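As the structure lists them, so they are numbered: ligands from 1, and atoms in each ligand from 1. No experiment lies behind these values; they were computed from the predicted model shown.
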Amino acid sequence: MSEQLDSAAYYHIAYRRHRIMNPLDDNRFLAIAGQCDLGSQSRVLDIGSGNGWPALLLMREWGCHCTQVDVSAQWTEQASALFEEAGLSALTDIHTMDARQFDIGEAEYDLALCLGTAPVYGGFADALDVFARAVSHDGFVIIGEPSARLPLPKRYAQYLQMLQWEIHGERQLMNIIDKKGFELLWNLRSTRDEWDRYMGMQWKAVSDFARAHPGDEAAHEFLDWVRDEQEVYLRYQRHWLDWNVMLLRAV
Ligand SMILES: C[S@@+](CC[C@H](N)C(=O)[O-])C[C@H]1O[C@@H](n2cnc3c(N)ncnc32)[C@H](O)[C@@H]1O
């Protein structure tokens, strides 16, 4: 497996067909966000906001204001176009930058979203420190984080180690939540179908891209990566990893 893969370029292709860019369906995301008492006065912060789909769902449903931060201009431009088309541009401000440089202020938000982007801050525990500052008293955090069904098969554990991908067990996540001064209110675990769909959309997008660019060396490297990923996914990830979207509130 190539360790030189340009993962940003890969994900720009692999996520081209996604709406929400994580393995949770829109309706389930709306169900968890529906617990946050959002309204037209609410302010939401989305870190690693991707193509803007989660914010679009919230703005459409509750008319809240969404601040979005993503390092990739490809995604922020796509998000701008999406909001423009939906007539929602006035409800958002979009920042194309590394989230670590973004000034989150103090207690300015009613809800902070971190869907698959805790590694930006160094991991789950460090991200909770940031969000503890970002949200107001009584504010909420919705954080998406994988968990492992421990103990993992040795080969899979070695693979994750090679990628420097630290995945906690569910119990460890709960300990961190307690230690960081949050209470866990909801935890939606993605179903097998949601996982399969999320992965399949990546594989198909990469395959479509390689077919459309037959002479492109990178496209073929991405296809090789997909084949490796498929094996890891079908042998291990699908059985040993859960995707959790958790609703937290500071104690
Ligand atoms: C898996 S996608 C998730 C997108 C979105 N949260 C969702 O669930 O639909 C991860 C996003 O994090 C962004 N990202 C990665 N590193 C970042 C950083 N240092 N600062 C801001 N965004 C970052 C990527 O560009 C990508 O859009």
Does ligand 1 have a heavy atom under 4.0 Å from the side chain of Leu115, from its backbone, from both, or from neither?
both

So, does Met97 sit close enough to ligand 1 that a heavy atom of it is under 4.0 Å from the ligand?
yes

With side chains defined as the heavy atoms from C-beta onward, is the minimum distance between Phe29 and Trp53 less than 4.5 Å?
no

At a 4.0 Å cut-off, with the gap strictly under it, does some heavy atom of Tyr15 reach an atom of ligand 1?
yes

In this structure, does ligand 1 have an atom that sits under 4.0 Å from one of the heavy atoms of Trp75?
yes

Given Trp62, which of Leu57, Leu111, Leu30 fulfils the side chain to side chain contact (heavy atoms under 4.5 Å, CB included) condition?
Leu30

For atom 8 (O) of ligand 1, the protein heavy atom that lies nearest, with its residue and separation:
Asn22 ND2, 2.8 Å

In terms of the angle between their ring planes, are Tyr156 and Tyr159 parallel, tilted or perpendicular, with boundaries placed at 30° and 60°?
parallel

Looking only at side-chain N and O atoms, does Gln68 offer a donor or acceptor that is under 3.5 Å from a partner on Thr92?
yes

Is there any N or O on Ile47 that sits under 3.5 Å from an N or O of ligand 1?
no

Looking only at N/O atoms, are Pro54 and ligand 1 under 3.5 Å apart anywhere?
no

So which bit of Val120 gets within less than 4.0 Å of ligand 1, heavy atoms only: side chain, backbone, both or neither?
side chain

